[in-house]
Amino acid sequence: MFEKVKKIIVEQLGVEEEEISMESSFIDDLGADSLDIVELIMALEEEFDLEIPDSEAEKISTVGDIVDYIKSNS
Amino acid sequence: MSRIYSCGILGLGSSLPEKVLTNFDLEKMVDTTNEWIMKRTGISERRILEKDVPAHELGVDAANKALKDAGISAEDLDLIIVATETPDYLTPSTSCLIQSRINAKKAAAFDLNAACSGFIYGLTVADQFIKSGYYKYVLLIGCEGLSKITDWEDRNTCVLFGDAAGAAVLGRVEDGYGIMSTYIGADGDLGKNITAPCCYLSCEDIEVRTRDNKRVLWMDGGEVFKFAVKVMEHGTNKVLEQSNLTLEDLKLIVPHQANIRILDGAAKRLGVSKDKIFINLHKYGNISSASIPVGLNEAYEGKMFTKGDNLVLVGFGGGLTWGSALVRWSK
């Protein structure tokens with residue numbers, strides 16, 4: 001599942017796969033802004049067929065946060 | 001509904017304040033930078049009304065231009081619909097103020113509020129009046145003075161909005177042309193993502209606003225962004241489907257101009273190249289219900305389409321509301 005998430009992050013943020021680890025911060029390490037994160041969440045929602053509510057989305061700061069959320073909600 | 005007549009756009013006109021507010025001007029007003037605004041919105045400047053000038057002045061100017069373009073007189077008008085979320089008065093309506101100024105003695109007049117989707121809502125209403133034969137000429141104006149309800153201390157929203165009006169004269173056109181299909185919708189469950197209070201202020205409304213004037217506009221950008229990208233794709237596909245057309249049959253999409261990232265996101269989802277999407281938001285920002293008619297008029301004056309070309313107009317915004325229309329250009 002991490003691989004799938006990674007692929008989507010590469011597509012959405014235009015970063016190299018090697019740059020992405022569970023600890024990567026979207027804003028500090030991957031150069032994303034708030035709208036990039038919204039777009040990323042939309043792509044993940046479609047890929048994994050789930051809804052990430054705004055209150056949860058606000059807590060997401062690293063790749064690991066997203067992977068954990070998807071694990072416990074799909 | 002049965003269609004006795006075909007309804008189309010006979011004339012267009014738009015009006016913008018002279019005063020320009022650039023991103024560099026905003027840098028001096030709030031904690032922001034030109035680069036930040038450009039990257040997140042695509043807006044580089046917007047037009048702002050002087051404090052003592054009401055928004056309906058723009059509506060009057062746009063209306064006169066549209067009447068001239070249509071080659072009819074204000075006295076011929078049966079109805080004036082103004083789409084606005086920033087009326088100068090709660091009463092009289094902006095449409096009545098404009099009716100008086102352009103001397104459209106015969107015309108009934110009312111305002112309609114569907115925020116940024118207002119022009120498409122108005123187009124859908126006008127289409128019913130004209131295709132049924134009830135009225136011959138309807139003037140539809142998107143007229144907004146958003147600077148008057150902008151929170152100029154909130155850097156998240158004050159960079160987004162501007163003032164403008166765009167008008168269209170609607171009337172009978174030859175069969176097979178004009179408004180081929182319309183689609184409007186609303187999701188009030190999401191309504192509180194964009195608020196501008198009027199006669200009632202809740203504790204939440206007071207809390208999120210920075211200024212003494214608590215009746216300014218507030219928005220949860222992230223939630224609205226998600227909604228907008230999805231609904232622009234959905235609305236475009238819906239009117240294509242209703243008209244038995246595909247994206248290949250389209251000459252141009254004229255969307256509500258809110259944020260370049262919404263337009264890029266929707267283009268990607270639709271699978272259309274960006275040159276099929278009309279963009280002018282860098283010059284005017286988000287001008288709400290005026291956005292689509294101002295954009296359409298600019299594309300029309302720039303000869304970006306001719307008679308017989310299929311256009312999709314698509315809007316989304318406060319309410320939350322959305323609307324789209326497929327227009328086969330008739331002049």
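Sequence lines set the chain letters: A, B, ... in the order given, protein chains first and strands last, and positions in each chain run from 1.
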Part of A:I37 lying under 4.5 Å from any heavy atom of chain B: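 No part of A:I37 comes within 4.5 Å of chain B.
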By side chain to side chain donor-acceptor pair (under 3.5 Å) - contacts of B:D205 (at least two apart):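 Result, side chain to side chain donor-acceptor pair (under 3.5 Å) vs B:D205: B:S202.
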Below 3.5 Å only, please: all the donor-acceptor pairs between chain B and chain A, one per line.
| residue | atom | partner | partner atom | Å |
| --- | --- | --- | --- | --- |
| B:K39 | NZ | A:D33 | OD2 | 3.1 |
| B:K226 | NZ | A:E45 | OE2 | 3.1 |
| B:R261 | NH1 | A:D33 | OD2 | 3.1 |
| B:R261 | NH2 | A:D33 | OD1 | 2.9 |
| B:R261 | NH2 | A:D36 | OD1 | 3.0 |
| B:R269 | NH1 | A:E46 | OE2 | 3.0 |
| B:R269 | NH2 | A:E46 | OE2 | 2.8 |

Within 6.0 Å of NZ in B:K214, more than 12 heavy atoms from elsewhere: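 More than 12 heavy atoms, drawn from other residues, nucleotides or ligands, come within 6.0 Å of this atom.
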